[in-house]
Protein chains: 2
Amino acid sequence: MDKKISKAVISRMPRYYRYLGALMQNGIERISSKDLSERMNITASQIRQDLNNFGGFGQQGYGYNVAMLHDEIGKILGIDNTQNVIIVGVGNIGHALARFLVPDINGFHLCGLFDANPALKGMEISGIKVQSMDEFAAFTKENQVDIAILTVPHDDAKDVAEEIVANGINAIWNFALIDLNLSKKDVVIENVHLVESLMRLSYNRNNQ
Amino acid sequence: MDKKISKAVISRMPRYYRYLGALMQNGIERISSKDLSERMNITASQIRQDLNNFGGFGQQGYGYNVAMLHDEIGKILGIDNTQNVIIVGVGNIGHALARFLVPDINGFHLCGLFDANPALKGMEISGIKVQSMDEFAAFTKENQVDIAILTVPHDDAKDVAEEIVANGINAIWNFALIDLNLSKKDVVIENVHLVESLMRLSYNRNNQ
DNA sequence: TAGATTGTTAATCGATTAACAATC
DNA sequence: TAGATTGTTAATCGATTAACAATC
């Protein structure tokens, strides 16, 4: 990657991917930025600008080939190859995500569940047994783990996150309501702060 | 509300609220924008600009009173009064959120669970019984419901959302991977598109 | 070829940061 | 009073939109 691509652009890519997938399912083979812009409620200009950050995928006078563009965006997002995912913290949310991720979501494969609570050890969710944190280091050594989902209680989040990155995992999908500020750098974190999302809804409800 | 406050500002408010809450817990009574900016990793200027969209909460030479500012932001977010919440769709995610919301999260009270599947009727989660969708209209008539959490399968989402708003609920926390485009206007929607969030993480992992 | 639509440059708009007078 | 720090205006930066030549 040469020039830095803005966060705003990146955050729109999954939505393009989703719409293109739906178009494919509807048997639509080509689409213009104008047509897509109307479906997505954004400007055609923005679509073309966004896509041209990654390359010229269209053709003048024709538009974009839906399947090809869908595929290209998949590659951009890195979901053309399966990434192995583990869940650390099998509480409510962790449990739900374990079921949510099986069968595999396009590009992601759940391969492990961990929890500090020994009472949960051996419990099976979606065909995967919960392991204790004692087994974590060995597991990550023997298995290629690309992404860790962090769904432990708030107070444990920082320590567990440090353990995750210490074992060589460099991507965390963080559901704990904390801003992880890890000692190890070059770790990517995506926060899903549900309470904050709910508060934004509250604001908009009370101020529409 | 007079002048329109930008989405970017609003989306930062819950984070301020969270930091101020933590400061209170640590017994810190006042804070300057500079100090807070260092803790939050943003500029002091942004903090002052953001807050001044809503009023002058600080004092020159002193800074901000933590408890007072926390309280004010709570009011801004509309979480000073309890809002009644229901969950529609008691699958994995709905189930997890039901447990997540009890005991009450600051400002939100879970008061109902609904699912179209008759097999789930009467099942109790967090002390609340699941009701069938037949009972939905009557329930919303008898109870003040402020927010509906939409956690039904993708293909049902649009119809169920229409039913929600038809029964007078004007705020939806949407977990279905669909852009709700409802016939009724003045409905506020906050999307939590988990798959898209995970894809963003994937992108960042593959392009760091 | 003529029409359609891209890729890309230029213009606009909005959000962030810097600066500083006001004031506690 | 002097120092600190706000509220707010001005400057900068970045993102979105518009325009249009290139080209299929």
Side-chain angles (χ1 to χ4, degrees), chain A residues 1-16 19-20 23 28-73 76 200 203-204 207, chain B residues 1-16 19-20 23 28-73 76 200 203-204 207:
Chain A
M1 285 297 129
D2 272 342
K3 69 181 164 198
K4 175 83 181 158
I5 292 162
S6 88
K7 244 180 143 175
V9 172
I10 292 155
S11 82
R12 282 190 292 269
M13 299 309 290
R15 189 155 175 264
Y16 291 133
Y19 271 80
L20 290 163
L23 289 171
I28 294 170
E29 281 176 16
R30 72 187 187 92
I31 193 150
S32 67
S33 57
K34 181 162 176 295
D35 189 351
L36 188 57
S37 76
E38 280 157 12
R39 291 167 188 262
M40 294 184 68
N41 252 301
I42 55 177
T43 64
S45 201
Q46 180 162 74
I47 292 173
R48 295 201 301 278
Q49 286 277 21
D50 283 352
L51 296 178
N52 278 87
N53 280 289
F54 302 99
F57 302 123
Q59 199 168 85
Q60 286 97 330
Y62 173 88
Y64 300 86
N65 178 292
V66 172
M68 182 271 230
L69 186 55
H70 183 261
D71 196 55
E72 289 292 343
I73 294 177
I76 290 164
R200 279 190 282 277
Y203 174 87
N204 288 124
N207 298 84
Chain B
M1 285 298 126
D2 272 341
K3 71 181 163 197
K4 174 84 181 157
I5 291 162
S6 87
K7 244 180 144 175
V9 171
I10 292 156
S11 82
R12 282 191 292 270
M13 299 310 289
R15 189 156 175 264
Y16 291 132
Y19 272 81
L20 290 163
L23 289 172
I28 295 170
E29 281 175 15
R30 72 186 188 93
I31 193 149
S32 67
S33 56
K34 181 163 176 292
D35 189 353
L36 188 58
S37 77
E38 280 157 11
R39 292 167 187 262
M40 294 185 67
N41 252 301
I42 54 177
T43 64
S45 202
Q46 180 162 74
I47 293 173
R48 295 202 300 278
Q49 286 278 21
D50 282 354
L51 297 178
N52 278 88
N53 280 291
F54 302 99
F57 302 123
Q59 199 167 85
Q60 285 97 331
Y62 172 87
Y64 299 87
N65 178 291
V66 172
M68 183 272 231
L69 186 56
H70 183 261
D71 196 55
E72 289 291 345
I73 294 177
I76 290 164
R200 279 190 282 277
Y203 174 87
N204 288 124
N207 298 84

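Chain letters run A, B, ... following the sequence lines, proteins first and then strands; every chain starts at 1.
- Near DNA chain C, defined here as any heavy-atom distance below 4.0 Å, there are no residues from residues 35-42 of chain B.
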Can you build the contact string for nucleotides 19-24 of chain C? Use B for base contact, S for sugar-phosphate-only contact, and - for no protein heavy atom under 4.0 Å.
BB-BBB

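- With hydrogens and angles ignored, the 3.5 Å screen pairs a side-chain donor or acceptor of B:Arg15 with a backbone N or O of B:Met40.
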Nucleotide-level pairing of DNA chain D, given in dot-bracket where Watson-Crick and G-U pairs need both distances under 3.5 Å and | marks other strands
..||||||||||||||||||||||

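- Put simply, B:Tyr64 has a side-chain N or O that comes within less than 4.0 Å of OP1 or OP2 on D:dG7.
- Every residue was checked against the salt bridge (Lys or Arg N to Asp or Glu O under 4.0 Å) condition with B:Arg48, not counting sequence neighbours, and none meets it.
- Of the side-chain N and O atoms in B:Ser33, none sit less than 4.0 angstrom from OP1 or OP2 of D:dT5.
- Every side chain to side chain contact (heavy atoms under 4.5 Å, CB included) that A:Ser11 has, sequence neighbours left out, goes to B:Arg200.
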Please write out each protein N/O paired with an N/O of nucleotides 10-13 of chain C under 3.5 Å, distance rounded to 0.1 Å.
none

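- Applying the side-chain hydrogen bond (donor to acceptor under 3.5 Å, both in side chains) rule to B:Asn204 yields no partners; only residues at least two apart in sequence or on another chain are considered.
- B:Ile5 places its CD1 atom 12 Å from the P atom of C:dA15, with the value rounded to the nearest Å.
- Within the structure, a side-chain polar atom (N or O) of B:Thr43 is placed less than 4.0 Å from OP1 or OP2 of C:dT17.
- Residues A:Ile5 and A:Asn53 come closest through the heavy atom pair CD1-O, 4.0 Å.
- Note that CG of A:Asp50 and OH of A:Tyr16 are 3.5 Å apart. Values are rounded to the nearest 0.5 Å.
- Evaluation of the side chain to side chain contact (heavy atoms under 4.5 Å, CB included) rule for A:Thr43 yields A:Ser45, A:Gln46 as partners, not counting sequence neighbours.
- Spacing between atom CG of B:Asp50 and atom P of D:dT8 amounts to 14 Å, rounded to whole angstrom units.
- Between B:Ile47 atom CD1 and D:dT8 atom C1' the separation is 16 Å, expressed in whole Å.
- Note: CE (B:Met13) to P (C:dA15) measures 15 Å, nearest angstrom.
- Partners of A:Glu38 by salt bridge (Lys or Arg N to Asp or Glu O under 4.0 Å), not counting sequence neighbours, listed by chain and number: A:Lys34.
- Under the side-chain hydrogen bond (donor to acceptor under 3.5 Å, both in side chains) criterion, B:Asp35 pairs with B:Arg39, not counting sequence neighbours.
- For A:Leu69 and C:dT6, the CG to P distance is 11 Å, given to the nearest whole Å.
- Formation of a donor-acceptor pair under 3.5 Å by the B:Asn52 side chain with backbone atoms of B:Gln49 is not found in this model.
- With rounding to whole Å, A:Arg30 atom CZ is found 11 Å from C:dA4 atom P.
- At whole-Å resolution of the value, CZ in B:Phe54 and C1' in D:dT6 are 18 Å apart.
- Residue pairs meeting the side chain to side chain donor-acceptor pair (under 3.5 Å) criterion with at least one member in residues 58-73 of chain A: none, sequence neighbours excluded.
- Note that CG of B:Leu69 is 11.0 Å distant from CZ of B:Phe54, once rounded to the nearest 0.5 Å.
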